[in-house]
Amino acid sequence: MVVAIGFEGSANKLGVGIIRDGEILANCRRTFITPPGEGFLPRETAEHHRQNIHEVLKEALDQSGLKPEELDVVCYTKGPGMGAPLSVCAIVARTCALLWNKPILGVNHCIGHIEMGRLITKANNPTVLYVSGGNTQIIAYSRRRYRIFGETIDIAVGNCLDRFARVLKLSNAPSPGYNIEQMAKSGKKYLHLPYCVKGMDVSFSGILSYMEDKIDDLLKDYTPEDLCYSLQETVFAMLVEITERAMAHCASDEVLIVGGVGCNERLQEMMGVMCEERGAKIFATDERFCIDNGVMIAYAGALAYASGTRMEFEDATITQRYRTDDVLVTWRND
């Protein structure tokens with residue numbers, strides 16, 4: 001039975017979570033929210049994490065009812081993500097490991113999402129659609145690696161949605177993607193947009209540029225709600241297409257959606273229709289676990305630690321471009 005604490009801060013979510021043998025004891029989070037029309041920059045995001053991490057750490061320890069000496073391993077997000085925010089959490093994790101005399105493990109952010117999704121939904125061996133502000137990948141497990149079958153060749157789907165929300169000056173609270181989702185529910189008129197699927201890969205930057213360049217003219221014929229609806233329908237259809245192709249290749253009958261965009265009910269609905277037609281099952285989590293959080297890092301770290309993975313303290317660094325398929329999956333034998 002491994003008791004692990006996890007620090008997550010790869011983007012604008014700061015999270016600290018504690019898990020014991022698959023039981024979630026604490027899952028505390030703070031979100032850096034910028035004014036409407038603005039994104040979050042590395043320096044300001046890192047400053048937010050610095051100002052809040054001690055409070056969030058104390059909250060997590062209090063919520064779990066554990067003392068530091070009861071922990072087995074300190075885990076943190078090694079990457080991928082924004083360099084400055086990642087560094088804040090890595091420094092605090094290293095400090096805690098030294099103060100508490102505990103081993104430390106760096107965790108791949110995407111692997112954290114996947115293993116948390118498998119824990120919560122009980123999905124067995126799903127085809128994984130990983131969609132967030134910084135990542136878009138189709139993933140399947142094979143021979144001790146999570147293999148990437150397809151991905152975005154430019155920006156992530158969450159980044160596309162977030163940046164279009166800035167064009168419309170939508171609020172960043174609780175998140176721009178959530179506000180686009182709510183507006184899309186009132187959209188009625190569909191705008192045909194570029195549809196960019198290239199084999200198993202997708203491209204979103206052209207769609208975003210098209211809408212940014214023509215926004216003034218588009219708003220003469222379409223409401224903001226129509227545009228949000230059209231954008232969602234187009235990009236989600238692209239994601240469903242490549243997911244179905246990966247399922248066919250792997251003879252898979254399960255889909256697991258992870259990452260912040262995975263909370264989107266319309267994406268879940270569209271994926272559900274495809275799965276129903278194939279006789280497959282769809283698995284997704286709510287915002288507690290699909291949005292970046294500390295407990296997913298704790299859980300993935302606990303799995304690796306229990307299976308024998310160890311890290312030297314001098315290797316407890318960050319890697320902004322940490323590929324999902326770089327990780328040797330020591331905890332799965334299927």
Side-chain angles (χ1 to χ4, degrees), residues 6-11 13 42 75-87 89-90 93 104-118 125-160 197-205 238-239 242-243 245-246 249-250 252 255-262 290 292-293 296-305 307-312 314-332 334:
F7 294 88
E8 155 59 26
S10 58
K13 312 290 190 305
C75 310
Y76 72 98
T77 302
K78 185 176 177 69
M82 301 168 73
L86 280 171
S87 294
C89 288
I104 190 168
L105 267 185
V107 173
N108 180 284
H109 180 82
C110 175
I111 301 292
H113 274 298
I114 294 172
E115 295 304 343
M116 197 70 215
R118 291 180 65 226
N125 186 26
T127 299
V128 179
L129 173 63
Y130 172 32
V131 278
S132 68
N135 301 276
T136 300
Q137 295 176 342
I138 295 289
I139 300 160
Y141 174 80
S142 176
R143 287 180 285 181
R144 312 198 85 183
R145 302 268 177 181
Y146 280 111
R147 313 284 176 173
I148 299 172
F149 274 69
E151 59 191 317
T152 175
I153 59 175
D154 40 53
I155 62 173
V157 63
N159 187 239
C160 177
V197 172
K198 304 178 186 237
M200 283 299 296
D201 296 327
V202 286
S203 170
F204 299 110
S205 63
M238 291 161 55
L239 294 172
I242 61 172
T243 302
R245 198 173 293 134
H249 183 88
C250 300
S252 171
V255 172
L256 172 64
I257 307 177
V258 299
V261 181
C290 64
D292 294 349
N293 60 86
M296 73 184 197
I297 302 303
Y299 181 58
L303 289 174
Y305 187 78
S307 64
T309 301
R310 298 293 184 269
M311 173 185 275
E312 295 296 328
E314 53 267 29
D315 295 328
T317 55
I318 62 164
T319 305
Q320 282 186 263
R321 299 184 184 277
Y322 191 10
R323 295 281 291 177
T324 309
D325 48 7
D326 284 343
V327 179
L328 181 65
V329 181
T330 56
W331 55 93
R332 288 186 63 171
D334 50 339

(Q) Set out, in order, the CA-CA distance, both residues' side-chain angles and the distance that settles side chain to side chain contact (heavy atoms under 4.5 Å, CB included) for Thr136 and Phe204, then state yes or no. (A) CA-CA 10 Å; Thr136 300; Phe204 299 110; 4.1 Å; yes
**Q.** Derivation and outcome, side chain to side chain donor-acceptor pair (under 3.5 Å), residues Thr330 and Ser307
**A.** CA-CA 6 Å; Thr330 56; Ser307 64; 2.6 Å; yes
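- The two residues Ser203 and Lys198 have their closest heavy-atom pair at CB-CE, 4.2 Å.
- Here Asp325 pairs with Arg323 under the salt bridge (Lys or Arg N to Asp or Glu O under 4.0 Å) rule; sequence neighbours left out.
- Of all non-hydrogen atoms in Ala156 and Gly133, the two that sit nearest each other are CB-O, 3.5 Å.
- For the atom pair CE (Met82) and CD1 (Ile318), the distance works out to 11.5 Å, reported to the nearest 0.5 Å.
- Side-chain atoms of Arg245 come within 3.5 Å of backbone N or O of Gly199 as a donor-acceptor pair.
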Q: Decide yes or no on side chain to side chain contact (heavy atoms under 4.5 Å, CB included) for Cys75 and Tyr305, but give the supporting numbers first.
A: CA-CA 10 Å; Cys75 310; Tyr305 187 78; over 6 Å; no
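- Of the possible donor and acceptor atoms, none in the side chain of Lys78 sits under 3.5 Å from a partner among the backbone N and O of Ala316.
- Residue Pro42 comes nearest to Ala84 through the heavy atom pair O-CB, 3.8 Å, listed as atom of the first residue, atom of the second, then distance.
- Atom OH of Tyr146 is separated from atom CG of Asn108 by 11.0 Å, given to the nearest 0.5 angstrom.
- The shortest heavy-atom contact between His109 and Pro80 is CB-CD, 3.8 Å.
- Annotation: the span from Met200 atom CE to Ile138 atom CD1 amounts to 6.0 Å, rounded to 0.5 Å.
- With Val258 as the partner, the side chain to side chain contact (heavy atoms under 4.5 Å, CB included) test is satisfied by one option alone out of Val128, Asn135, Ile139: Val128.
- Counting heavy atoms from C-beta outward, Val107 and Glu8 have side chains that stay 4.5 Å or more apart.
- Between the CD1 atom of Ile104 and the CD atom of Glu314 there is a distance of 11.5 Å, given to the nearest 0.5 Å.
- Side-chain contact check for Met296 versus Ile114: every heavy-atom pair is 4.5 Å or farther apart.
- When each of Val261, Thr152, Val202 is tested with Val157 by the rule side chain to side chain contact (heavy atoms under 4.5 Å, CB included), just one qualifies, namely Val261.
- Ala11 approaches Pro85 most closely through the heavy-atom pair O-CB, 4.1 Å.
- Formation of a donor-acceptor pair under 3.5 Å by the Arg145 side chain with backbone atoms of Val329 is not found in this model.
- To the nearest 0.5 Å, atoms OG1 (Thr77) and OH (Tyr322) are separated by 11.0 Å.
- Relative orientation of the Phe149 and His249 rings is perpendicular, given thresholds of 30° and 60° on the angle between their planes.
- Heavy atoms only, all atoms of each residue included: Gly150 and Asp201 are closest at CA-OD1, 3.4 Å.
- With hydrogens and angles ignored, the 3.5 Å screen pairs no side-chain donor or acceptor of Tyr76 with any backbone N or O of Ile297.
- With hydrogens and angles ignored, the 3.5 Å screen pairs a side-chain donor or acceptor of Asp154 with a backbone N or O of Ser205.
- Rounded to the nearest 0.5 angstrom, Arg310 CZ and Leu105 CG are separated by 7.0 Å.
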